[in-house]
Amino acid sequence: MWQPSKLELERLEKAERLQDQGLELYPARITRSHRIADAIALFLRAEAEAQVDDDGEHNAEVIEVTVAGRIRRLNPKGKVSFAHIEDESGRVQLFLRVNAIGDEDYELIRHKLIDVDDFVEASGPMMRTRTGEVSVNAAEIRLISKALTPLPVVKQQRQADGTIIEYGEFKDTESRYRQRYADLAVNKRVRDIFVKRARTIKALRDFLDGEGMLEVETPVLQPLYGGAAARPFTTHHNQLHEDLYLRISFELYLKRLLVGGYDAVYEIGRDFRNEGVSYKHNTEFTMLEFYKAYIDYNGVMDITERMFAYTAEQVTGSSEIVYQGALIDLAPPWKRVSIREAAQELLGFDYMDYPTGEALYTYLHSRGLAEGLDRDDTWGRMIVEHILGNHIEHRLIQPTIIKDYPRDMSPFAKRIHGDDAPADEKERRYIESHTERFEFFIAGMEMGNAFTELNDPRDQQERFVEMKRLYAEEADETTPLDEDYLRAMRYGMPPNGGFGSGVDRMVMLLTDQTSIRDVLLYPHLRSQQLTEADLRGQFMLDAAVRGFEYRLDYKLDGSKRQIALLLPAPNVGVEFRLANALAGSLAQLQNLRAAFDGDLHVLTEEALYAIGDDLIAVAAADFWRSLR
RNA sequence: GGGCGCGUGGCGCAAUGGCAGCGCAGUUGACUUUUAAUCAAUUGGUUGCAGGUUCGAGUCCUGCCGCGCUCACCA
């Protein structure tokens, strides 16, 4: 239960005073006529169209408005005051003159019964103040929602060139994430990020719809998980007595739909992976996947390039974006190279010359490139995770498609299909051991993954088995073999190309953010340790639920290193002292609270001094019962 | 999970082991064109939690909690 701070108590008192004056603090209806930005635009237009008459006076049309918003700046003065209010569209100044709004309302402003952070509604004609700022010359002002907790203080100074300097910025990352509402309320640029996020997703939908793809929704709760290599979250359906998994990808469900007769489907939704978090990983994240029949991965590459360029244009106005100071051009065509070519180009060797894990490790080691590499890794993993992941990925700033992945890393991708079988032994081995898969990288970050999808059920079954054999020992739970998926494929699946991409990373790119947490409204954080205030609140809640009106408090007795719990209750008149307790140990306070429900015998106050910490809970429980 | 760093009034930050301070916000008063308004006075902190060393701990040590960065993990 809420324990008001000093600042909050002050505001509560103001709220009571306002109520005593007969004001409604939270009215149900307001009468806004214009968004703030629209009001300003109307005024500027009227001003521009104004005629200059014979006396040299401007005859601009009078723009009467009623605007509403949160007070973000308040400058109360003796007889004339100023406030800035803000709605989603923008900010406008209120010009508040005692003559115009009347003594009674003016007093509310002058003595700050209406505070910064409150929502108000103001009516009057638009005007310019002497310094030229467009303002509402308020004839009326009305409180429409009282803020009892003040927002973090952020002051802004607008420079002559329009830039805004902030003072006392709200920037503690933990507080910002835990109280995102306060972050958003105070930091306009944070609000802007999520506007762009919404636009990104809308642009992606528009694009894919335009490509003739059908948007579908597939299960989040799945009896089997698959389509990616990640540990899932497990949950349980009570009535069905069945364990279920939160999906780690949409892949297998979407491809079943191609069997069903749709030519192209896509889904934008949440995936959940029970893995570590990082600047580019969150436990739940937004995924985009599409599958389109009758194209291969080259076709997917074309769509990818156009989709990213289109989305960037819709969101930022240009397919050229700036990310962390680097100019990045998303317009097609992008550079397309195989992993093999990229390694040749950037690292100067052909990994096909080292065709086993052992040989490759030995070579990389001799080049000094083996740091962090596990010599027992498979050949394919060394190439993808180590060579690409550790030595190439971070260099790929401009959009780059890296294609043709080792087969054992790509269980849902078709083998490379060349026009002719190469005569050369090495090239033949290359084609046999690689698949038509590509990943693409922008700003040194993996942005997505795509294949020419495997549609041969016999081959697919083999791959499932192969994966199990290769990775069984290290997988905590081996990726399950999905028999139903194989059955679907046996009915006949059209040749198709598939695509998957993390939408959050795309938003990072388009909003110039370096952490995925800054593009998620509510990034996952560990639960907070209970604070004193929380626990007191819990006690009070218990009290309220049980119908007692009393206050619980405790303080440290410094000399004895003891804590005292004072439980004064009106009509009971008991002041109880628990000694030797806990000394602030929250865990023990919690036990104490839990014990209120216990069935325990009565102890006297004197006895409390004699007993150890653990028994304090017992005593507290008895005290509680004595009140009942 | 490993390494490094951080945690001090509502917010932003100080404090060679020696009286816990400053700015903003708040409170009271003044001010009829302010805009980080200004001026005067003023309230508010058991320094994340628990131990330890010390005459003395915000500061040093140990453990825990939380956050950030980084490494590992993420076919």
Side-chain angles (χ1 to χ4, degrees), chain A residues 5-11 13-14 72-84 91 93-100 106 110-112 115-117 127-133 135 137 149-159 164-178 182 186 228-231 248 273-281 372 374 377-378 380-381 384-385 389 405-412 437 446 449 463 466-467 470-471 474-476 479 514-515 517 525-532 555-556 558 561 582-588:
Chain A
S5 69
K6 176 172 173 282
L7 295 182
E8 289 169 330
L9 284 169
E10 282 167 359
R11 291 205 173 196
E13 197 193 312
K14 288 178 182 180
R72 295 304 310 280
R73 168 181 166 259
L74 189 58
N75 178 12
K77 291 154 44 82
K79 292 286 199 300
V80 60
S81 299
F82 301 86
H84 278 123
R91 275 188 188 215
Q93 180 168 259
L94 304 182
F95 182 65
L96 301 155
R97 227 154 43 100
V98 62
N99 310 31
Y106 194 80
R110 192 164 83 89
H111 294 296
K112 293 211 259 189
D115 285 289
V116 168
D117 304 329
M127 57 150 336
R128 272 187 196 274
T129 57
R130 198 169 287 169
T131 51
E133 178 162 349
S135 307
N137 185 4
T149 302
L151 285 167
V153 178
V154 177
K155 284 195 164 192
Q156 299 184 335
Q157 184 180 34
R158 192 181 298 271
Q159 302 296 96
I164 290 172
I165 300 177
E166 284 195 345
Y167 299 85
E169 190 184 2
F170 180 47
K171 64 181 182 186
D172 179 73
T173 45
E174 185 177 353
S175 309
R176 284 182 46 232
Y177 295 154
R178 286 196 197 280
V186 149
R231 272 173 292 175
I248 57 172
R273 295 188 182 175
N274 210 337
E275 308 278 355
V277 299
S278 81
Y279 73 95
K280 56 182 179 183
H281 297 87
D374 178 358
D377 260 353
T378 65
R381 258 171 84 122
V384 176
E385 303 257 307
Y405 280 54
R407 174 184 150 99
D408 67 289
M409 298 290 289
S410 314
F412 298 106
R437 169 184 176 188
E446 184 205 326
N449 185 15
R463 298 291 188 91
E466 198 177 312
M467 284 307 108
L470 273 172
Y471 298 107
E474 61 198 71
D476 291 359
T479 310
T514 55
S515 168
R517 286 182 282 268
L525 297 182
R526 243 182 273 261
S527 307
Q528 233 170 347
Q529 188 182 27
L530 286 176
T531 64
E532 257 176 50
K555 64 186 181 192
L556 194 71
R561 287 199 163 280
L582 21 131
S585 160
L586 293 177
Q588 285 175 323

Problem set entry | Per-nucleotide pairing state of RNA chain B [Watson-Crick or G-U, under 3.5 Å; [ ] pseudoknot-crossing; | other strand] | (((((((..((((....[..)))).(((((.......))))).....(((((..]....))))))))))))....

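- With distances taken from any side-chain atom of A/Q157 to the nucleotides B/rA36, B/rC74, B/rU32, the minimum falls on B/rA36.
- Within 4.0 Å of A/L525, counting heavy atoms only, lie sugar-phosphate atoms of the nucleic acid but no base atom.
- A close approach under 4.0 Å does occur between a side-chain nitrogen or oxygen of A/R526 and OP1 or OP2 of B/rC67.
- Looking at heavy-atom distances under 4.0 Å, A/K14 makes contact with sugar-phosphate atoms alone, never a base.
- Side-chain atoms of A/R110 and base atoms of B/rU32 include no donor and acceptor less than 3.5 Å apart.
- Across all strands shown, A/N99 has heavy atoms under 4.0 Å from base atoms, whether or not it also approaches the sugar-phosphate.
- Nearest-nucleotide assignment on RNA chain B puts the 5′-proximal partner with A/A83, out of A/A83 and A/E385.
- Residue A/K171 contributes atom NZ, which lies 16 Å from atom P of B/rC6 at whole-angstrom precision.
- Residue-to-nucleotide contacts include no donor-acceptor pair under 3.5 Å from the side chain of A/K112 to the base of B/rU27.
- Only the P atoms considered, B/rC49 is 10 Å distant from B/rU8, to the nearest whole Å.
- Two residues are said to be in side-chain contact when any heavy atoms from C-beta on lie closer than 4.5 Å; A/R463 and A/F412 fail this criterion.
- Residue A/K79 places none of its side-chain N or O atoms closer than 4.0 Å to OP1 or OP2 of B/rC31.
- Nearest nucleotide to the side chain of A/V153, out of B/rU33, B/rG10, B/rC73: B/rG10.
- At a threshold of 4.0 angstrom between heavy atoms, the contacts of A/Y177 are confined to the sugar-phosphate backbone, with no base atom among them.
- In this structure, A/R11 and A/T514 both approach RNA chain B, and ranking their closest nucleotides by distance from the 5' end singles out A/R11.
- Between A/V116 and the choices A/L151, A/L74, A/V153, the side-chain contact (heavy atoms from CB on, under 4.5 Å) rule is met once, by A/L74.
- The CG-C1' distance, from A/D172 to B/rG9, rounds to 15 Å in whole Å.
- One can place CD of A/Q156 at 19 Å from P of B/rC11, the figure rounded to the nearest angstrom.
- In summary, A/E10 and A/K14 do not engage in a salt bridge, as defined by a charged side-chain N under 4.0 Å from a carboxylate O.
- Between B/rC24 and B/rA20, the two P atoms lie 23 Å apart (nearest whole Å).
- Phosphate proximity of B/rU28 to A/H111: absent, as no side-chain N or O sits under 4.0 Å from OP1 or OP2.
- For B/rG23, the OP1/OP2 oxygens have no side-chain nitrogen or oxygen of A/K155 closer than 4.0 Å.
- Between A/H84 and A/E133, the side chains place a donor N or O and an acceptor N or O closer than 3.5 Å (distance only, hydrogens not considered).
- Within the nucleic acid shown, A/F170 comes within 4.0 Å of sugar-phosphate atoms alone, with no base atom in reach, counting heavy atoms only.
- Between the CG atom of A/D115 and the C1' atom of B/rU28 there is a distance of 15 Å, rounded to whole Å.
- In this structure, A/R97 places its CZ atom 16 Å from C1' of B/rC31, rounding to the nearest Å.
- Note on A/R178: a side-chain N or O is less than 4.0 Å away from OP1 or OP2 of B/rC67.
- Side-chain contact between A/R97 and A/S81 is absent, with no heavy atoms from C-beta onward closer than 4.5 Å.
- Across the protein-nucleic acid pair, A/N274 atom CG and B/rC74 atom P stand 14 Å apart, rounded to whole Å.
- Side chain A/E133 to base B/rU33: no donor-acceptor pair is found below 3.5 Å.
- No donor-acceptor pair under 3.5 Å is formed between the side chain of A/S135 and the backbone N or O of A/N137.
- With both ends at atom P, the span from B/rG58 to B/rA50 equals 13 Å, rounded to whole Å.
- As a whole-Å value, the separation of A/L7 CG from B/rG10 P is 7 Å.
- Nucleotides B/rG45 and B/rC64 have their C1' atoms positioned 23 Å apart, rounded to a whole Å.
- Remark: the backbone N or O of A/V80 is paired with a side-chain donor or acceptor of A/Y106 at under 3.5 angstrom.
- The separation of B/rG12 from B/rU54, taken at their P atoms, amounts to 37 Å, rounded to a whole angstrom.
- At the heavy-atom level, A/R517 lies under 4.0 Å from the strands shown only through sugar-phosphate atoms.
- Counting only distance, with no hydrogens or angles, the side chain of A/E169 and the backbone of A/V154 share no donor-acceptor pair below 3.5 Å.
- Residue A/S5 is out of contact with every strand shown, counting any heavy-atom pair closer than 4.0 Å.
- On the P atoms, B/rG10 is 23 Å away from B/rC6, given to the nearest whole Å.
- Atom P of B/rU16 sits at a distance of 13 Å from the matching atom of B/rU59, rounded to the whole Å.
- Straight-line distance between the C1' atoms of B/rU46 and B/rC4: roughly 30 Å, to the nearest whole Å.
- Counting heavy atoms from C-beta on, the side chains of A/D117 and A/R11 come closer than 4.5 Å.
- Here A/R176 does not reach the OP1 or OP2 of B/rC11: none of its side-chain N or O atoms lies under 4.0 Å away.
- With A/N75 contributing its side chain and A/F82 its backbone, the two residues share no donor-acceptor pair below 3.5 Å.
- Here the P atom of nucleotide B/rU33 and the CZ atom of A/R73 are 14 Å apart, to the nearest Å.
- Residue-level contact check: A/P76 touches the bases, meaning some heavy atom is under 4.0 Å from a base atom.
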